Student: 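Can you keep this structure in mind? I'll have questions shortly.
Predicted, not measured: the structure shown is a model, and the values here were computed from it.
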Amino acid sequence: MSLQNDLTQKVIEAVKQLYQVELPAVEFQPTRKDFEGDITVVVFPMLRHVKGNPVQIGTKIGEYLVEHVDEVSKCNVVQGFLNIVIEDGYYLNFFNNIFDQEDFGYVKTQSDDAVMVEYSSPNTNKPLHLGHIRNNLLGYSVAEILKASGKKVYKTQIINDRGIHICKSMLAWQKFGEGETPESSGLKGDHLVGKYYVAFDKAYKEQIAELVDAGTPKEKAEKEASILLEAQEMLRKWEAGDDEVVSLWKKMNGWVYDGFDTTYKNLGVDFDTLYYESDTYLLGRDVVKDGLERGVFFKKEDGSVWIDLTEDGLDEKIVLRSDGTAVYMTQDIGTAIQRVTDHPDINGMVYTVGNEQDYHFKVLFLILKKLGYSWAEQLYHLSYGMVDLPSGKMKSREGTVVDADDLIKNMEDTAESISQELGKLDGYSEEEKKQLYRTIGLGALKYYILKVDPKKRILFNPEESVDFQGNTGPFIQYTYARIQSILRKADNVRSSAVETSLDLHEKEKELLKQIQLFPETVQLAAENFSPALIANYTYDLVKEFNSFYQQVSILGETDGHKKNFRVQLSQKVGEVIQSAFRLLGIDVPERM
RNA sequence: GGUCGCGUAGCUCAGCUGGAUAGAGCAUCUGCCUUCUAAGCAGACGGUCGAAGGUUCGAAUCCUUCCGCGAUCACCA
């Protein structure tokens, strides 16, 4: 039973006793810092049911609470706000109850329903860039948050390993590659393939320019450039299962996967199952045919199949071409169904995809609902804004991208130079230092991206490096390291339970209140698919701790009971920081 | 043009489902390292919450209109 539930009952009881009125609900909020109190009852909404002066009503209820509720030590009323002061003992009891709780804040019991979280899903013709980083961090973090909230989670990605874009890289490699491999050149596989994707584009543009010079209209030239025709021919061969093309495709995709694996490992993200578009691109057509018979879809004169969504405020959408081949939507319908077939416990999916596809997913979800799948009610498009540069959009073909691997390296380097300036790492081996720079650099990057609302677009300026001070990952990591330093120096941390008759320092009480919020924050973050809530919660906790740390002596405290409590409190704050950051995929260091 | 999203301090962002005097960080300026890590703490400066109406005891938050920015509206993926 939470304190708030308890108080709700008591307030209702009080109003019944005092005014013979049954309140439907009671509104609470944390007390503002400028007033004395821990929790506040808002009296205004009661005026609908109880006639009178809010100050008087508040005062009466306050008096009742002080008399009838053990945890309430005193009350005061300001305007229509009844501020309630809670006994220190209540918080100390709470602390003793959760102190030994491992993974405090996480829900351990797993529900039977699983949710599949899709994220990353790159094309295999170019390396990952900053946009993918945002996608990966968001998807991974939401998956972890859902797990912590008690859901069973499958992490997945669909790899776009098929189509004309792959053929472009393959063709350019054949033409200009001279047998170059990741081994021969030392280039990471995805970067090597990406290099040929760019090479294709360059050759293609040159051909267009030549044709235009020779008098061909630009539009025509774009369609007739010989290198493009060759790529299209290659795609046809691939679809026909041509041995040579398929084996080249396998070889180059292998290079890309190796490269991606390295980047994923560096980023600290992982997947439970993978889907390849080359396996799934034919899915969905049967479903469409079936849906056509059931009247969900309709056929136009030319044979193409559509769905009419005008009643839902959308328009008509094609689901099968006139020649019977699939469109993107067909595939997505088929893939969604396939996933549930593969994992029958799925009752919900999260798609981490940029907001330019908002409309697509709205339509997809609606179609799946109309097809009658029960799990279709539990689909969520985790939509996020683009990451733009000051120069505008990132474009792989034009080379205006912030490469994921470069950026990670960059962050590590910054962490290194700051650490060296501060020079606190005596006794660390080179290997340990390297590990630490990585932890801090990635912490800065991940926190920077995850702390903002996914819907907002991010303007990333590579010239101004990501901050390491203030509301940042390293700030929080630093606080964690500070706590570990205290714990190393303290002996017998767990010597005994905390003495509940202690008088709490204001800062201690604030910390306990903040710790108490962690479990509900995890739930809220899960409900809203929002890592930002976790990030902001952690920041508040850490700010509170640093303030406490500055004002109150922990190891220097002479009263044994107080010292015992403060050490344990510090430890618990450290644990919560670690738990919260785990949900963001950020590591915490022992020293820094 | 239709639809969706965003607009809060010079900059980057919080602000839950309406509540008290709108909060942080960066930047600028002041203090605090002989005491547990100064990547820290304490403080100053900085706001007509895009604009105008409306709903109500109360609006940054809800509704309407308008303005600005972005995305989207392909037998592309």
Student: Taking atom CZ of A:R488 as the centre, report whether more than 12 heavy atoms of other residues, nucleotides or ligands fall under 6.0 Å from it.
Tutor: yes
Student: Which residue pairs satisfy the salt bridge (Lys or Arg N to Asp or Glu O under 4.0 Å) criterion with at least one member in residues 513-526 of chain A, sequence neighbours excluded?
Tutor: A:D38-A:K513, A:E510-A:K513
Student: Determine the contact category for A:Y359: base if any of its heavy atoms lies under 4.0 Å from a base atom, sugar-phosphate if only primed atoms, P, OP1 or OP2 are that close, otherwise nothing.
Tutor: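 Sugar-phosphate: the residue A:Y359, judged by heavy atoms under 4.0 Å, touches backbone atoms but no base.
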Student: Which protein N or O atoms sit under 3.5 Å from an N or O of nucleotides 8-14 of chain B?
Tutor:
| from | atom 1 | to | atom 2 | distance (Å) |
| --- | --- | --- | --- | --- |
| B:A14 | OP1 | A:D453 | N | 2.7 |
| B:A14 | OP2 | A:K456 | NZ | 2.6 |

Student: Please identify each residue that fulfils ring-ring contact (aromatic ring centres under 6.0 Å, His included) with A:Y480, with sequence neighbours left out.
Tutor: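 A:Y480 satisfies ring-ring contact (aromatic ring centres under 6.0 Å, His included) with no other residue.
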Student: With a distance cut-off below 6.0 Å to the six-membered ring centre and an angular limit of 45° from the axis, does A:K300 pair with A:W306 as a cation-pi contact?
Tutor: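 The answer is yes, since A:K300 meets both limits relative to A:W306.
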Student: For RNA chain B, what dot-bracket results from Watson-Crick or G-U pairs at under 3.5 Å, with [ ] for crossers and | for inter-strand partners?
Tutor: (((((((..((((.....[...)))).(((((.......))))).....(((((..]....))))))))))))....
Student: Look at all strands and tell whether A:Q331 reaches a base, only sugar-phosphate, or nothing, counting heavy atoms closer than 4.0 Å.
Tutor: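 Contact class for A:Q331: none.
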Student: Find the distance between CZ (A:R321) and OG (A:S304) and round it off to the nearest 0.5 Å.
Tutor: 11.0 Å
Student: Taking OP1 and OP2 of B:A77, is either one under 4.0 Å from a side-chain nitrogen or oxygen of A:R162?
Tutor: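 No, A:R162 has no side-chain N/O under 4.0 Å of OP1/OP2 on B:A77.
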Student: How would you label the glycosidic angle of B:C69: syn (within 90° of 0) or anti?
Tutor: anti
Student: Taking only side-chain nitrogens and oxygens of A:K455, does any of them come within less than 4.0 Å of OP1 or OP2 of B:C4?
Tutor: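 No, no such contact exists.
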Student: Polar pairs (N or O, both sides) under 3.5 Å between protein and nucleotides 58-65 of chain B?
Tutor:
none

Student: Does the Lys NZ or Arg CZ of A:R162 fall within the cation-pi geometry relative to A:Y276 - under 6.0 Å from the ring centre and within 45° of the axis?
Tutor: no
Student: Using nucleotides 39-42 of chain B, report all nitrogen or oxygen pairs with the protein that are shorter than 3.5 Å.
Tutor:
| from | atom 1 | to | atom 2 | distance (Å) |
| --- | --- | --- | --- | --- |
| B:A39 | OP1 | A:K424 | NZ | 2.2 |
| B:A39 | N6 | A:S419 | OG | 3.1 |
| B:G40 | OP1 | A:G470 | N | 3.2 |
| B:G40 | O2' | A:R482 | NH1 | 3.0 |
| B:G40 | O2' | A:R482 | NH2 | 3.3 |
| B:G40 | N2 | A:Q550 | NE2 | 3.3 |
| B:C41 | O4' | A:Q550 | OE1 | 3.3 |
| B:A42 | OP1 | A:S547 | OG | 3.2 |

